[in-house]
Protein chains: 2
Amino acid sequence: MGIRTRRKNKQEAETSSRRTQVTAQDLMDAAVRLLGTHRSVSTLSLREIAREAGIAPNSFYRHFRDVDELTVALIDQAGRALRGIIREARQRLSMERSAIRTSVEAFMDQLDADEKYLQVLLREMSTGSDAFRQAVERELTYFEDELRDELERMEKLTGHATFEPALTAKAITRLVVAMGASAASQSLDQRAELIDQTVIMIRMIMVGSQAMAKKA
Amino acid sequence: MGIRTRRKNKQEAETSSRRTQVTAQDLMDAAVRLLGTHRSVSTLSLREIAREAGIAPNSFYRHFRDVDELTVALIDQAGRALRGIIREARQRLSMERSAIRTSVEAFMDQLDADEKYLQVLLREMSTGSDAFRQAVERELTYFEDELRDELERMEKLTGHATFEPALTAKAITRLVVAMGASAASQSLDQRAELIDQTVIMIRMIMVGSQAMAKKA
DNA sequence: TAAGTGTCAATACAGGTGTATATTCATGTG
DNA sequence: CACATGAATATACACCTGTATTGACACTTA
């Protein structure tokens, strides 16, 4: 009696903070919220994330060993989103035309989806530790592999051969990612123009690849 | 007398730190040294840079208002290096062939030149404040403009028309930058392969662009 | 009921940080 | 010579950081 008054006061003010369990996902969401459009993960402090998620600094350790581990989790999420884009594109490809445009649009839309994991990936691609870069490279390689499959499948369907499908896929992937990185910090109608440009660029690559296949 | 003994001791140990004037350039060099291959500028503290440059924390303010201002200066330097690459490529183009390969090689070499400004640019492209991104975009636009001029000049020389030269230049630029960003964190023989890939990718774009010009 | 377990908060500590203030000194100028 | 100027320094302050320690509370399980 009288010993535990401190907590009670806090509880009164803070709406019973203990009640709801805080998950790893909550922490990831808090981090993304803090990152917004500009900050890189390395500028986030453990305390800041914990504060945003509404837990004590130390509770962070229940879910992640440190901020770096959380970052890798974010990148994994982004990779999942990326693969979702490809999978959708593949389905659309069988029924309608201009799969390129719809894929590019899907990619760009993913930039400001509810959880902006993709932006995190784009940002950590060039910044950050080796672990981050490796995680990003891994996800991009998945993407390239699926795109190559797609190109080879299309090759059989249309009869247009593709020159070095793996390289073509890589070129397209890197270009889209680069354009997406610019798009991330731009307004919506600027982004529309960027999408148009990206589509044309991809067409250049594919047309060029096919022309080089004929010549070789 | 007896009041100023503190300084004298320090002087003895530190080899007369006052003697040589510290320039803004020295601070920029110190920052690049600290950045190495992985850190982003936002992780540098003013004190850390000052320490590396061998000056007191407060002396930093004589040269830059804050770390952000120093970063923009670094990006400007990188842009100058970039324009140097284009200018060299232009001269080579008139006498020998395969200007593409030599340009790409020049670009990649610039990555680990003495002063690795280019790496800074690549890293701050996706991270960092609006000011950084704008600075980077500006430099890339310069690069694209010069490349477009080059493409148009080549168009007249060879008779091969180029489809939307501005867009073609942009595609090439963004692709090279993206490939350079991966190259920055790789070993030298991995980089050699990356250069080969980049050259082929550029050729795809140019061949595609020319084919689309004919059709349109 | 009692003990054990997992989740969180409170406190504390030893650092690092940006910057305000005042000081030291080498240098040029009258 | 005296003295103003400018560049660099030292000290100090309030703040934020990661994390170690300890204890509170809600649960299972016996």
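Naming: A, B, ... by sequence-line order, numbering from 1 per chain. Side-chain atoms are counted along with the backbone in the values below, which use heavy atoms only and exclude waters and symmetry mates.
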(request) Can you see which heavy atom on A:F132 is nearest to which on A:D68, and at what distance? (result) CE2-O, 3.6 Å

(request) Take atom CG of B:D66 and atom P of C:dT17, then tell me their distance rounded to the nearest Å. (result) 16 Å

(request) Return the value, rounded to whole Å, for the distance between atom CG of B:L44 and atom C1' of C:dT17. (result) 13 Å

(message) Can you tell me if B:H63 touches the phosphate of D:dA8, counting only side-chain N or O atoms and a distance under 4.0 Å to OP1 or OP2?
(response) yes

(message) Just the rounded figure in Å: distance from P of D:dA7 to CZ of B:F60.
(response) 16 Å

(request) Using only side-chain N and O atoms of B:S45, determine if any of them is under 4.0 Å from OP1 or OP2 of C:dG16. (result) no

(message) Please report the distance, rounded to the nearest Å, between CG in A:L46 and P in D:dT19.
(response) 6 Å

Would you tabulate the nitrogen or oxygen pairs shorter than 3.5 Å linking the protein to nucleotides 12-15 of chain C?
none

(message) Please tell me if B:R51 has a side-chain N or O lying less than 4.0 Å from either OP1 or OP2 of C:dT17.
(response) yes

(message) Can a donor-acceptor pair be found, under 3.5 Å and without considering hydrogens, that links the side chain of B:T168 to the backbone of B:E164?
(response) yes

(request) Give the minimum heavy-atom separation between B:R191 and B:A184, together with the two atoms involved. (result) NH2-O, 3.9 Å

(request) Would you kindly check whether a donor in the side chain of A:N58 faces an acceptor in the base of D:dT21, or vice versa, at under 3.5 angstrom? (result) yes

(message) How close do B:M125 and B:R133 get, counting heavy atoms only, and between which atoms?
(response) O-CG, 3.8 Å

(request) To the nearest Å, give me how far apart CZ (A:R65) and P (D:dA20) are. (result) 12 Å

(message) Determine whether a donor-acceptor pair (N or O, by modelled atom type, separation under 3.5 Å) exists between the side chain of B:Q190 and the backbone of B:S187.
(response) yes

(message) Using whole Å, what does the distance between atom P of nucleotide C:dT19 and atom CZ of B:F64 come to?
(response) 15 Å

(request) Starting from P on D:dC25, measure out to CD1 on A:I55 and report it in whole angstrom. (result) 19 Å

(request) Please state how far atom CZ in B:R62 lies from atom C1' in C:dA26, giving the value in whole angstrom units. (result) 14 Å

(request) Measure across A:F107 and A:V177 and return the closest heavy-atom pair with its distance rounded to 0.1 Å. (result) CZ-CA, 4.2 Å

(message) Go nucleotide by nucleotide along DNA chain D from the 5' end; which of A:E48 and B:P57 gets its closest nucleotide reached first?
(response) B:P57

(message) Using side-chain heavy atoms (C-beta onward) and a distance below 4.5 Å, is B:I205 in contact with B:M201?
(response) no

(message) Is the phosphate of D:dT9 approached by B:S59 (side-chain N or O, under 4.0 Å from OP1 or OP2)?
(response) yes

